[in-house]
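Notes follow the structure.
Naming: A, B, ... by sequence-line order, numbering from 1 per chain.
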Protein chains: 2
Amino acid sequence: MRFSHQRQKVREIVYKTNSHPTADWVFTEAKKSIPNISLGTVYRNLKQLEKSGYIKTIYDGNIARYDWKTEPHNHLKCKNCGDLIDIVFLDESIHPKIKKDFKFNVDKVEMFIIGTCKKHAKHS
Amino acid sequence: MRFSHQRQKVREIVYKTNSHPTADWVFTEAKKSIPNISLGTVYRNLKQLEKSGYIKTIYDGNIARYDWKTEPHNHLKCKNCGDLIDIVFLDESIHPKIKKDFKFNVDKVEMFIIGTCKKHAKHS
DNA sequence: ATAATAATAGGAATGATTACTATTTATTTT
DNA sequence: AAAATAAATAGTAATCATTCCTATTATTAT
Ligand SMILES: [Mn+2]
Ligand SMILES: [Mn+2]
Ligand SMILES: [Zn+2]
Ligand SMILES: [Zn+2]
């Protein structure tokens with residue numbers, strides 16, 4: 001894998017935020033320093049970076065978002081503002097149970113915990 | 001909500017399968033008895049049925065699938081054949097913990113357990 | 001049956017993502 | 001260093017799922 005200017009920038013943008021950005025947001029950011037970068041290049045690089053293990057893809061409803069944090073973790077999703085908040089919640093204990101009950105071999109668990117984040121709490 | 005022929009059929013199709021079908025599959029099935037039904041009608045009715053609480057929408061990667069089973073449950077997703085298998089796994093115990101740690105109010109937990117289903121087991 | 005209104009078919013529009021291609025950029029070979 | 005090889009790019013067209021639009025039709029209430 002070559003390290004083009006564009007690829008470095010896409011990677012850097014994803015690595016610099018905790019917002020789990022969309023391809024379009026990465027595109028907008030990238031244009032600030034590479035004005036004629038194309039959206040296709042952003043998508044191609046996001047995919048390549050995922051394949052090489054640099055980033056992960058998260059499907060939020062029907063749109064893809066990207067995450068620099070590749071270790072297993074889950075997300076709180078605020079239905080009010082759409083924010084995704086990282087949460088580490090490892091419970092490998094379900095794996096053997098699922099294996100036994102369903103003869104299903106577990107690779108990973110993807111969990112979205114949906115609710116309302118603290119930004120919207122009404123203070124009394 | 002009126003009960004058009006089309007709406008009844010869409011509902012019936014979703015209720016008759018455990019395959020968590022896509023809109024397109026429902027459309028194909030519906031055409032068998034209502035040849036000139038339109039895809040827009042299928043989508044409109046799936047949405048309406050969800051709003052009325054008859055069915056649920058599941059996002060599988062970036063495509064929507066529909067589920068007649070509206071009680072909270074989760075899914076095993078086979079990365080080999082794409083099947084979604086229902087699994088009841090309720091652990092409300094995480095709710096208070098998340099509330100405390102993140103001041104995040106949990107509505108529901110959406111979990112995809114990804115792995116390989118028994119259809120692909122190599123028998124020795 | 002009439003009037004009021006909800007739903008439909010069919011097609012256009014949208015939004016996200018991928019595919020295509022001629023050109024540019026980087027790496028390897030002479 | 002020049003030529004050959006390979007990878008990546010910009011720009012654009014195409015695809016796919018989904019939603020929107022509108023004139024017409026079906027359902028329901030009076
Ligand atoms: Mn994350
Ligand atoms: Mn289900
Ligand atoms: Zn929020
Ligand atoms: Zn399978």
Side-chain angles (χ1 to χ4, degrees), chain A residues 1-14 17 19-67 77 79 82 84 110 112, chain B residues 1-14 17 19-67 77 79 82 84 110 112:
Chain A
M1 181 171 75
R2 290 184 185 170
F3 249 75
S4 67
H5 186 194
Q6 292 87 339
R7 183 159 298 162
Q8 279 177 259
K9 176 55 70 180
V10 167
R11 179 183 173 288
E12 177 194 320
I13 289 168
V14 176
T17 182
S19 68
H20 305 89
T22 63
D24 215 64
W25 188 87
V26 174
F27 180 50
T28 302
E29 286 300 300
K31 274 191 291 196
K32 290 177 182 171
S33 48
I34 311 173
N36 68 334
I37 193 173
S38 80
L39 182 55
T41 295
V42 170
Y43 273 106
R44 186 170 3 87
N45 282 322
L46 288 168
K47 188 155 282 195
Q48 176 63 50
L49 288 167
E50 163 157 61
K51 202 165 71 171
S52 313
Y54 286 98
I55 64 174
K56 265 193 347 186
T57 303
I58 298 167
Y59 285 97
D60 177 12
N62 52 3
I63 102 150
R65 299 173 64 163
Y66 301 90
D67 197 338
K77 173 172 179 169
K79 67 179 180 187
L84 289 188
E110 278 178 11
F112 264 54
Chain B
M1 180 169 77
R2 290 187 184 170
F3 249 74
S4 68
H5 187 194
Q6 291 88 338
R7 182 158 299 160
Q8 279 176 259
K9 177 56 70 180
V10 167
R11 180 184 171 288
E12 176 194 321
I13 289 168
V14 176
T17 183
S19 69
H20 305 89
T22 62
D24 214 62
W25 189 89
V26 173
F27 179 50
T28 302
E29 286 300 301
K31 274 191 290 195
K32 291 177 183 171
S33 48
I34 311 175
N36 68 334
I37 192 173
S38 79
L39 183 56
T41 294
V42 170
Y43 273 107
R44 187 168 4 87
N45 281 322
L46 288 167
K47 189 155 283 193
Q48 176 63 48
L49 289 166
E50 163 156 61
K51 203 165 70 171
S52 314
Y54 286 99
I55 64 174
K56 265 194 346 186
T57 303
I58 298 166
Y59 284 96
D60 178 13
N62 51 4
I63 103 149
R65 298 173 65 162
Y66 301 89
D67 196 339
K77 173 172 179 171
K79 66 180 181 189
L84 290 188
E110 278 178 12
F112 265 59

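Taking atom CG on Asn45(A) and atom P on dA8(D), their separation rounds to 8 Å, with Å as the unit. The distance between atom NZ of Lys51(A) and atom C1' of dT18(C), rounded to the nearest whole Å, is 14 Å. Regarding Ile34(A), its CD1 atom lies at a distance of 12 Å from the P atom of dG11(D), rounded to whole Å. At whole-Å resolution of the value, NZ in Lys9(A) and C1' in dA8(D) are 18 Å apart. In this entry the distance linking CD1 of Ile37(B) with P of dA7(C) reads 14 Å, nearest Å. Protein atom CZ of Arg7(A) is 18 Å distant from nucleotide atom P of dA6(D), rounded to whole Å. Between the CZ atom of Phe27(B) and the C1' atom of dC16(D) there is a distance of 14 Å, given to the nearest Å.
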Check your understanding: Using a cut-off of 4.0 Å between protein heavy atoms and nucleotide atoms, how would you tag nucleotides 17-27 of chain D 5' to 3' with B, S and -?
Key -> SBB------BB
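Residues passing the salt bridge (charged side-chain N to carboxylate O under 4.0 Å, His left out) test with Glu12(A) are Lys9(A), Lys16(A), sequence neighbours excluded. Checked against salt bridge (charged side-chain N to carboxylate O under 4.0 Å, His left out), Asp24(B) has no partners two or more places apart in sequence or in another chain. Scored by the salt bridge (charged side-chain N to carboxylate O under 4.0 Å, His left out) test, Lys32(A) finds Glu29(A) as partners (sequence neighbours excluded). Judged as a side chain to side chain contact (heavy atoms under 4.5 Å, CB included), and not counting sequence neighbours, the contacts of Thr57(A) are Glu50(A), Tyr59(A), Ala64(A), Tyr66(A). With sequence neighbours excluded, the residues forming a salt bridge (charged side-chain N to carboxylate O under 4.0 Å, His left out) with Arg65(A) are Asp60(A), listed by chain and number.
Checked by atom type, the side-chain pair Ser52(B)/Gln48(B) shows a donor-acceptor distance below 3.5 Å.
Each of dA10(D), dT9(D), dA9(C) was ranked by its minimum atom distance to the side chain of Asn36(A); first place goes to dA10(D).
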